[in-house]
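For reference, the structure discussed in these notes is given below.
In what follows, every chain begins at residue 1, and chains take the letters A, B, ... in the order their sequences are listed.
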Protein chains: 2
Amino acid sequence: MSKKRKTTLKDIAILLDISTAAVSKALQDDSRISAKTKEAVRKVAKDLNYQPNHLASALRKGKSNLVGVIVPRTNSNFFSSVIQNMEEILNKNGYNIIITQSNESYSKECEAIDTLLFTQVDGIIASMANETTDLDYYEKIKSRGIPLILFDRGENDLNVDYIGIDDYASSHMIVEHLIKEGCKRIAHIGGYKRTRIFNNRIRGYIDALRENNLPLAHELLLESSLTKEDGRLKMEQLLALGKRPDAVYVAGDYAALGALQVLQENKIAVPNEIALIGFGNEPFTAMVSPTISSIDQHSSEIGRLAAQTFLERIKMPEVKQTLCKKILEAKLIVRDSSNKKPS
Amino acid sequence: MSKKRKTTLKDIAILLDISTAAVSKALQDDSRISAKTKEAVRKVAKDLNYQPNHLASALRKGKSNLVGVIVPRTNSNFFSSVIQNMEEILNKNGYNIIITQSNESYSKECEAIDTLLFTQVDGIIASMANETTDLDYYEKIKSRGIPLILFDRGENDLNVDYIGIDDYASSHMIVEHLIKEGCKRIAHIGGYKRTRIFNNRIRGYIDALRENNLPLAHELLLESSLTKEDGRLKMEQLLALGKRPDAVYVAGDYAALGALQVLQENKIAVPNEIALIGFGNEPFTAMVSPTISSIDQHSSEIGRLAAQTFLERIKMPEVKQTLCKKILEAKLIVRDSSNKKPS
DNA sequence: TAAAACTGCTTAATCGATTAAGCAATTTTT
DNA sequence: AAAAATTGCTTAATCGATTAAGCAGTTTTA
């Protein structure tokens with residue numbers, strides 16, 4: 001019962017008694033083919049339910065019209081939103097995307113790169129795993145001559161296009177907001193220092209404190225994996241201090257949630273005793289109680305820009321010199337967890 | 001600077017002064033090639049950093065080793081976990097996956113199917129959009145002669161393999177649990193009746209009530225899109241009733257969260273005044289306060305089974321007769337929102 | 001020792017679409 | 001009216017890997 005044989009250009013050609021070349025050109029609306037022939041070809045193509053064999057044309061044309069995407073995970077709102085917006089633009093331009101997840105693991109990331117290169121993608125858009133410090137594998141992409149665009153988690157050292165938010169400024173903004181709320185001992189549960197974005201957040205935190213003449217206490221600055229569990233641990237660590245902080249800025253929402261749970265378990269009033277701010281504006285920050293203030297990273301915008309950057313690179317592969325680094329300004333969403341005076 | 005030219009079989013062949021056929025076979029460890037030649041080929045392949053052109057081999061072999069995946073969205077824990085487990089098994093078997101999102105929209109789903117067929121995937125694993133009722137497009141996949149496996153959201157009418165949980169039994173389990181907790185007026189905020197899984201949940205709810213001699217009040221059975229917003233609306237509707245329910249079973253976690261918020265805004269004690277249960281075991285159900293009881297859908301297992309089913313279909317395409325419908329037993333996770341007597 | 005089987009390769013066709021080159025017929029230009 | 005340009009196609013090569021068929025030379029079997 002299953003009609004296995006797909007219709008090919010040849011089938012159409014034989015039926016109309018013309019060459020496959022003519023059929024191919026007709027479907028591409030080539031000016032050298034008469035309107036009558038084009039019409040006939042299109043009709044037969046529709047009748048036979050012709051679907052071009054993508055592999056064949058990709059092989060011949062030397063491009064697959066596929067874009068590889070590597071993200072640490074898809075079940076975060078940030079990444080799935082980036083992907084969704086990226087996909088929309090790429091689809092419109094005839095590209096499809098292949099999504100792969102690194103699960104924050106360097107080895108899985110390398111596998112993902114191999115997979116994508118193997119699949120002959122025309123380019124790769126990636127956000128690096130937390131673990132990743134070695135950039136050899138990314139060099140492999142560059143040496144393949146296809147565009148590589150990084151977003152959010154990216155390294156400056158790799159000389160590639162990058163889209164992200166201004167982590168330094170965001171961090172700065174958070175600390176100033178907390179100071180305005182009257183906080184004087186502001187702790188920071190930060191990400192890994194070696195990851196550029198987290199390092200920038202740490203710098204923003206330190207500089208904002210300094211500019212406001214607040215002392216920087218080293219016991220208030222912690223390095224974390226930013227999982228919910230580690231957020232709990234680091235919060236417990238902060239509560240164990242002789243002089244507790246009156247505000248905690250956590251560099252990730254999941255860790256902020258863990259921290260919030262510990263605060264609640266210890267019956268500490270949020271924000272009045274200790275104010276709390278996360279980073280990433282994950283949907284659950286607006287769902288928990290109290291709602292958690294956070295930074296919106298403009299995921300849609302990042303997705304769109306990454307896609308556009310890729311398209312530009314594809315169009316003009318020779319203009320490699322001007323590197324494209326787009327840094328967006330993030331937005332602080334003030335919610336209950338840092339709002340001491342509810343209006 | 002960019003070394004554009006990729007090394008091909010031909011390059012290796014010329015270097016070793018043998019035919020490309022011999023090289024191809026050597027790399028495939030064909031028994032008709034001498035160990036010496038194989039060794040030499042492998043060495044040169046490594047030296048030249050040979051990466052086989054996937055498009056060429058896929059074209060020739062008539063299979064792409066790509067599996068298409070269609071999900072309503074990736075930013076739900078359920079789907080991302082399914083995908084992750086599916087990917088693991090498929091990768092091990094030489095397959096890569098292309099993920100596409102339908103965003104619960106029928107038209108986007110059709111586009112996704114076209115995209116995947118166009119990319120010459122060897123099979124499709126899908127969970128249907130809420131909107132989808134018309135199955136013509138899925139027929140298109142079947143007529144292409146490649147395996148189609150549905151999970152979670154699937155229609156029985158389409159004669160294809162299916163993996164999911166027992167929605168009827170899960171629903172039954174929830175209601176019995178609530179009754180055991182002493183609830184007597186149990187409401188159900190259900191999904192769309194026309195979607196099979198939600199219909200099954202509704203049937204389970206009704207039958208469990210009946211078996212326990214509890215009256216079925218039509219005003220306690222609501223149909224919802226199961227978004228967080230709609231969960232709020234439906235909960236407000238329930239609170240507006242003359243005789244309020246003493247338990248609400250919501251067919252989705254997001255909607256359950258919305259319902260919980262409304263309950264809290266109305267200062268209604270959960271679970272003592274009104275108990276609450278969700279469905280799906282999204283991570284946030286364990287994060288909010290009170291934590292929300294829910295049903296775990298065994299996402300990892302579903303992902304693994306879907307992948308395995310695909311692999312079996314590929315291995316034995318002729319054994320089309322025995323349809324594979326795997327229905328897993330789900331697990332009720334009792335949390336604070338339905339636990340009246342904390343031990 | 002002749003026939004059969006195996007070893008280790010080569011040749012050439014193939015997958016399906018694209019495209020450079022070319023050719024005959026028609027139309028436009030000079 | 002001859003030259004040039006245009007139209008509308010065809011032929012054949014190509015992308016890179018795979019594979020059926022085949023062919024020497026060697027080894028095993030009867």
Requested in this report: Please report, rounded to the nearest Å, how far the P atom of D:dA17 is from the NE2 atom of B:H54.
Outcome: 12 Å
**Report entry** B:K140/B:D114 ion pair, N-O < 4.0 Å
**Finding:** yes
Query raised in the report: Going by an N to O cut-off under 4.0 Å, is there a salt bridge joining A:R304 and A:E301?
Result: yes
Report task. Check the distance between D:dT7's C1' and A:K38's NZ and give it to me in whole angstrom. Result -> 12 Å
**Report entry** Test item: side-chain donor near acceptor, A:R196 and A:Y162, under 3.5 Å
**Finding:** yes
**Report entry** Separation of C:dA20 C1' from A:K61 NZ (nearest whole Å)
**Finding:** 16 Å
Requested in this report: Just call it for A:L55: base, sugar-phosphate, or nothing, with non-hydrogen atoms closer than 4.0 Å on any strand.
Outcome: nothing
Query - Gap between atoms CZ and C1', on B:R60 and C:dA17 respectively (whole Å) - result: 16 Å
Query raised in the report: Of A:L9 and B:A22, whose nearest nucleotide on DNA chain C comes first from the 5' end?
Result: B:A22
Query - Closest-nucleotide 5' rank along DNA chain C - winner of B:T37 and B:A56 - result: B:T37
Query raised in the report: Once the angle between the rings of A:F310 and A:Y95 is folded into 0 to 90°, is it parallel (under 30°), tilted (30 to 60°) or perpendicular (over 60°)?
Result: perpendicular
Query - Divergence of helical axes at both termini of the helix from C:dT1-D:dA30 to C:dT30-D:dA1 - five pairs an end, 10° steps - result: 40°
Requested in this report: Decide, yes or no, whether a salt bridge links B:E88 with A:K108 under the criterion of side-chain N to carboxylate O below 4.0 Å.
Outcome: no
Report summary line: Atom CD1 of A:I33 and atom C1' of D:dT6 are separated, to the nearest Å, by 14 Å
Query - Value in whole Å for how far the C1' atom of C:dT11 lies from NZ of B:K10 - result: 14 Å
Query raised in the report: When all nucleic acid strands are considered with a 4.0 Å heavy-atom cut-off, which category describes B:S19: base, sugar-phosphate, or nothing?
Result: base
Report task. Could you tell me whether the phosphate oxygens of C:dT19, OP1 or OP2, come under 4.0 Å of any side-chain nitrogen or oxygen in A:Q28? Result -> yes
Query raised in the report: Whole-Å distance between D:dC9 P and A:L27 CG?
Result: 13 Å
Report summary line: Among D:dG16, C:dT7, D:dC9, the one nearest any side-chain atom of B:L59 is D:dG16
Query raised in the report: Nearest to the side chain of B:S34 - D:dC15, C:dC9, D:dT18?
Result: C:dC9
Requested in this report: Flag the pair B:D161 and B:R313 as a salt bridge only when some basic side-chain nitrogen lies within less than 4.0 angstrom of an acidic carboxylate oxygen.
Outcome: yes
Query raised in the report: Can you tell me how far the OG atom of A:S64 sits from the NE2 atom of B:H54, to the nearest 0.5 Å?
Result: 10.0 Å
Query raised in the report: C:dT10 base to B:K25 side chain: any donor-acceptor pair below 3.5 Å?
Result: yes
Query raised in the report: In whole Å, what is the span from the NZ atom of B:K6 to the P atom of D:dA17?
Result: 10 Å
Report task. Using only side-chain N and O atoms of B:T20, determine if any of them is under 4.0 Å from OP1 or OP2 of D:dA17. Result -> no
